[in-house]
Amino acid sequence: MKLTITIFIGIVAALHLYFLWFEMFAWTTRGKKIFKKFPKDMFEPTKSLAANQGLYNGFLAAGLIWTFFIQDIFWNINISIFFLSCVAIAGIYGALTADKKIFIVQALPALIALLLIFINQA
């Protein structure tokens, strides 16, 4: 079970590293191809806003990656729960306010990892 949890945390961290790259460095190029409903002329003016979001996604990824190095099981679990909860909440909020697909891409993997952690603790 620990390996499965670690894999899910790794997937969530990798996704957030991708979000960091996309929002900080590829917003004005690849963004137009991914967010087709967003007006093309708005990508350049919102570049700094997207970069800010990317930075926050990087912090979430860093927190999740940090859990791979925490030896104390109590702290490992608590830090994992904290960062996965942050990701899940952000994903749920994004799904409610921006696009429902955000739930599948962002919130669901974090919720699965949280569920596995709680099952493993029972």
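Here the structure is a predicted model, which is why all the values come from computation and not from measurement.
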Using ring pair (Phe, Tyr, Trp, His ring centres under 6.0 Å) as the criterion, point out the one residue from F19, F25, Y18 that pairs with W21. Y18
To the closest 0.5 Å, what do you measure between CG (L20) and OH (Y56)? 13.0 Å
State the CG-OG1 distance between N52 and T46, to the nearest 0.5 angstrom. 12.0 Å
Are L108 and I89 co-members of a hydrophobic cluster defined by side-chain heavy atoms under 4.5 Å apart? no
Please find the pair of heavy atoms, one from L60 and one from C86, that lie closest to each other, and give the distance. CD2-CB, 3.7 Å
Kindly assign one of parallel, tilted or perpendicular to the pair W27 and F22, based on the angle between their ring planes and the thresholds 30° and 60°. perpendicular
So do the side chains of L111 and V87 get within less than 4.5 Å of each other, counting heavy atoms only? no
Do L64 and F8 have side-chain heavy atoms sitting under 4.5 Å apart? no
Please test L114 against S85 for side-chain contact (heavy atoms from CB on, under 4.5 Å), starting from the C-alpha separation and ending with a verdict. CA-CA 8 Å; L114 283 167; S85 296; 3.9 Å; yes
Applying the 4.5 Å side-chain criterion to the ILVMFWY set and letting contacts propagate, would F74 and F83 be lumped into a single cluster? yes
Starting from the C-alpha separation in whole Å, work towards a yes-or-no answer on side-chain contact (heavy atoms from CB on, under 4.5 Å) for Q106 and L15. CA-CA 8 Å; Q106 185 175 9; L15 283 169; over 6 Å; no
With the 4.5 Å side-chain cut-off for hydrophobic clustering, are I65 and V12 part of the same group? yes
Check: T67 and I9 side chains under 4.5 Å, non-hydrogen atoms: yes
Can you measure from CD (Q53) to CE (M24) and round to the nearest 0.5 angstrom? 11.5 Å
Please find the pair of heavy atoms, one from I104 and one from P109, that lie closest to each other, and give the distance. O-CD, 3.3 Å
With ring centroids as reference points, do W75 and F82 lie under 6.0 angstrom apart? no
If hydrophobic clusters are built by linking Ile, Leu, Val, Met, Phe, Trp and Tyr wherever their side-chain heavy atoms come under 4.5 Å apart, do L3 and I81 end up in the same one? no
Determine whether N76 and Q71 satisfy the following criterion, side chain to side chain donor-acceptor pair (under 3.5 Å), listing intermediate values before the conclusion. CA-CA 7 Å; N76 181 290; Q71 298 298 314; over 6 Å; no
F38 vs F43 aromatic rings, parallel, tilted or perpendicular, using cut-offs 30° and 60°? perpendicular
Let me check something: do I7 and I73 share a hydrophobic cluster, defined by ILVMFWY side-chain heavy atoms less than 4.5 Å apart, either directly or through other members? no
Between CD1 of I5 and CZ of F118, what distance do you get to the nearest 0.5 Å? 10.5 Å
After noting the C-alpha distance and the side-chain angles of I102 and T97, does the key distance pass the side-chain contact (heavy atoms from CB on, under 4.5 Å) rule? CA-CA 10 Å; I102 294 172; T97 60; over 6 Å; no
Give, for atom CD of E44 and atom OG1 of T28, the distance between the pair rounded to the nearest 0.5 Å. 5.5 Å
For N120 and L116: C-alpha separation, side-chain torsions, deciding distance, then whether side-chain contact (heavy atoms from CB on, under 4.5 Å) applies. CA-CA 6 Å; N120 193 47; L116 292 172; over 6 Å; no
From I117 atom CD1 to L84 atom CG, the distance as rounded to the nearest 0.5 Å: 5.0 Å
Heavy-atom nearest pair, H16 first then A61, reads CB-CB, 3.9 Å
Would you name the heavy atoms of A110 and A88 that are closest together and state the gap between them? CB-N, 4.0 Å
